Amino acid sequence: MDEQALLERSDGPVTRSRLIHDLTALGLTDGDIVMFHTRMSALGYVAGGPQTVISALRDVVGEQGTLMVTCGWNDAPPYDFTDWPQAWQDALRAEHPAYDCELSEADHNNGRLPEALRRWPSAVRSRHPDASFAALGAAATMLMADHPWDDPHGPDSPLARLVTMGGRVLLLGAPLDSLTLLHHAEALAEAPGKRFVDYEQPILVDGERVWRRFHDIDSEDGAFDYSSVVPERQDPFEAIAHDMLAAGIGSMGMIGAAESYLFEAGEVVNFGIAWIEEKLGKSR
């Protein structure tokens with residue numbers, strides 16, 4: 001969206017002080033541990049871009065607070081490269097760079113903010129190549145430490161720790177289907193037909209590049225087949241989030257020009273597990 005379009009949909013530039021006011025009115029407060037998702041274009045014209053958004057968030061959560069984002073790895077080898085011609089596979093295995101917490105870019109599909117935050121001084125990024133997160137603040141190291149290689153959305157993952165530490169989730173103009181924390185609910189839910197993926201990616205071990213095999217829920221195409229319980233063309237996470245809001249979980253307010261939402265992480269996961277097991281049936 002160009003600058004003129006942004007100006008037309010806003011009642012003025014979205015400045016750091018305005019963001020602080022709006023975030024505080026929504027309920028974000030000093031000391032919060034908050035995972036956030038942002039659609040910059042929905043906020044309006046943000047004076048200063050990602051730097052302004054991150055600075056405003058830091059102002060609100062304070063020195064004892066922590067910001068967290070989902071990163072992933074933009075240039076990760078695709079899951080299905082093992083189906084490529086053998087010569088292609090061999091070339092990839094020989095020379096594809098290993099995942100590097102400092103150098104590997106966050107997935108561009110997650111927007112500009114994850115890349116900006118993971119590059120921020122003192123930010124900490126988790127070690128998992130495909131499901132990496134980044135955090136900035138007092139609890140960053142604790143959230144990111146020893147991200148499990150397998151089941152990276154499940155127990156003892158950064159998402160699990162966000163819940164255990166009483167964290168929150170903020171959607172800054174981001175759509176409801178961006179609620180990544182629901183992958184943790186999928187990992188924990190006991191429902192039939194759960195889908196998994198196994199894949200290989202290069203990582204660094206004691207400074208050496210090695211290929212490692214990983215196992216996870218299918219977070220790309222869906223950990224479950226939701227087609228029987230979610231209307232066609234509606235994202236399952238959007239459907240869960242709508243039902244969650246209808247049940248009185250979460251609050252909505254305007255941040256800049258965008259509808260934004262604030263949730264308690266524990267409530268999101270508990271509701272998500274219950275929703276999945278009720279709609280799809282509980283495993284026996």
Side-chain angles (χ1 to χ4, degrees), residues 9-10 14 18-19 21-29 32-44 53 56-57 60-61 65 67-70 109-111 113-114 133 153 158-160 162-191 217 219 222-282:
R9 62 176 296 168
S10 178
V14 180
R18 180 175 174 185
L19 284 170
H21 173 274
D22 291 352
L23 289 165
T24 302
L26 183 58
L28 200 66
T29 190
D32 275 348
I33 298 172
V34 60
M35 181 178 185
F36 69 98
H37 305 269
T38 311
R39 177 175 283 176
M40 289 284 292
S41 61
L43 296 175
V53 175
L57 285 164
V60 176
V61 302
L67 307 178
M68 175 174 161
V69 291
T70 181
N109 290 325
N110 293 327
L113 269 296
F133 297 87
H153 294 96
L159 296 177
L162 179 71
V163 172
T164 300
M165 297 171 72
R168 313 177 85 180
V169 181
L170 173 66
L171 303 184
L172 282 173
L176 292 171
D177 64 15
S178 64
L179 204 54
T180 300
L181 184 56
L182 286 172
H183 285 311
H184 184 49
E186 290 183 317
L188 299 180
E190 298 179 0
I217 58 169
S219 61
F224 296 98
D225 179 0
Y226 294 100
S227 61
S228 64
V229 296
V230 175
E232 189 176 359
R233 297 197 183 97
Q234 185 178 29
D235 184 272
F237 283 10
E238 180 185 4
I240 295 172
H242 274 303
D243 287 352
M244 189 161 49
L245 290 165
I249 297 172
S251 56
M252 190 276 282
M254 298 299 294
I255 305 294
E259 284 189 359
S260 300
Y261 300 89
L262 183 63
F263 300 95
E264 303 301 324
E267 293 181 347
V268 170
V269 172
N270 289 339
F271 187 92
I273 292 171
W275 191 98
I276 292 167
E277 293 181 348
E278 177 186 343
K279 300 286 188 180
L280 300 181
K282 189 168 182 177

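Keep in mind that what you see is a predicted model, and the values were worked out from it rather than measured.
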At their closest point, which heavy atom of [X] faces which heavy atom of [Y], and how far apart are they?
| X | Y | result |
| --- | --- | --- |
| Ala189 | Ile273 | CA-CG2, 4.2 Å |
| Asp243 | Trp275 | OD2-NE1, 2.8 Å |
| Ala191 | Phe224 | O-CE2, 3.5 Å |
| Ala223 | Ile217 | CB-CB, 4.0 Å |
| Asp225 | Ser227 | OD1-OG, 2.7 Å |
| Leu162 | Val169 | CD2-CG2, 4.3 Å |

Tabulate below the donor-acceptor pairs under 3.5 Å that side-chain atoms of residues 252-267 make, not counting sequence neighbours, or state none.
residue: Glu259; atom: OE1; partner: Tyr261; partner atom: OH; Å: 3.2
residue: Ser260; atom: OG; partner: Leu171; partner atom: O; Å: 3.4
residue: Ser260; atom: OG; partner: Gly173; partner atom: N; Å: 3.2
residue: Ser260; atom: OG; partner: Ala258; partner atom: O; Å: 3.3
residue: Glu264; atom: OE2; partner: Arg168; partner atom: NE; Å: 2.9
residue: Glu264; atom: OE2; partner: Arg168; partner atom: NH2; Å: 2.9

| remark: Result for side-chain contact (heavy atoms from CB on, under 4.5 Å) between Ser178 and one of Arg39, His37, Glu238 points to His37
Can you tell me if [X] uses its side chain to pair, donor with acceptor, with the backbone of [Y] under 3.5 Å?
| X | Y | value |
| --- | --- | --- |
| Glu190 | Lys282 | no |
| Asp32 | Thr29 | yes |
| His184 | His153 | yes |

Are side-chain heavy atoms of [X] and [Y] found at a separation under 4.5 Å?
| X | Y | result |
| --- | --- | --- |
| Leu280 | Tyr226 | yes |
| Leu179 | Met35 | no |
| Val60 | Leu19 | no |
| Leu26 | Leu170 | yes |
| Val163 | Leu181 | yes |
| Leu172 | Leu113 | no |

Gap separating the [atom1] atom of [X] from the [atom2] atom of [Y], nearest 0.5 angstrom:
| X | Y | atom1 | atom2 | value |
| --- | --- | --- | --- | --- |
| Phe237 | Leu182 | CZ | CG | 5.0 Å |
| Phe36 | Thr70 | CZ | OG1 | 11.5 Å |
| Asp235 | Ile240 | CG | CD1 | 8.5 Å |

| said: One pair to check against side-chain contact (heavy atoms from CB on, under 4.5 Å): Leu28 and Leu57. What are the steps and the verdict? | reply: CA-CA 9 Å; Leu28 200 66; Leu57 285 164; 3.8 Å; yes
| Criterion side-chain contact (heavy atoms from CB on, under 4.5 Å) on Leu159 and Val269, from CA distance to verdict | CA-CA 10 Å; Leu159 296 177; Val269 172; over 6 Å; no
| Leu176 vs Leu245, side-chain contact (heavy atoms from CB on, under 4.5 Å): CA-CA, chis, key distance, verdict | CA-CA 10 Å; Leu176 292 171; Leu245 290 165; 4.1 Å; yes
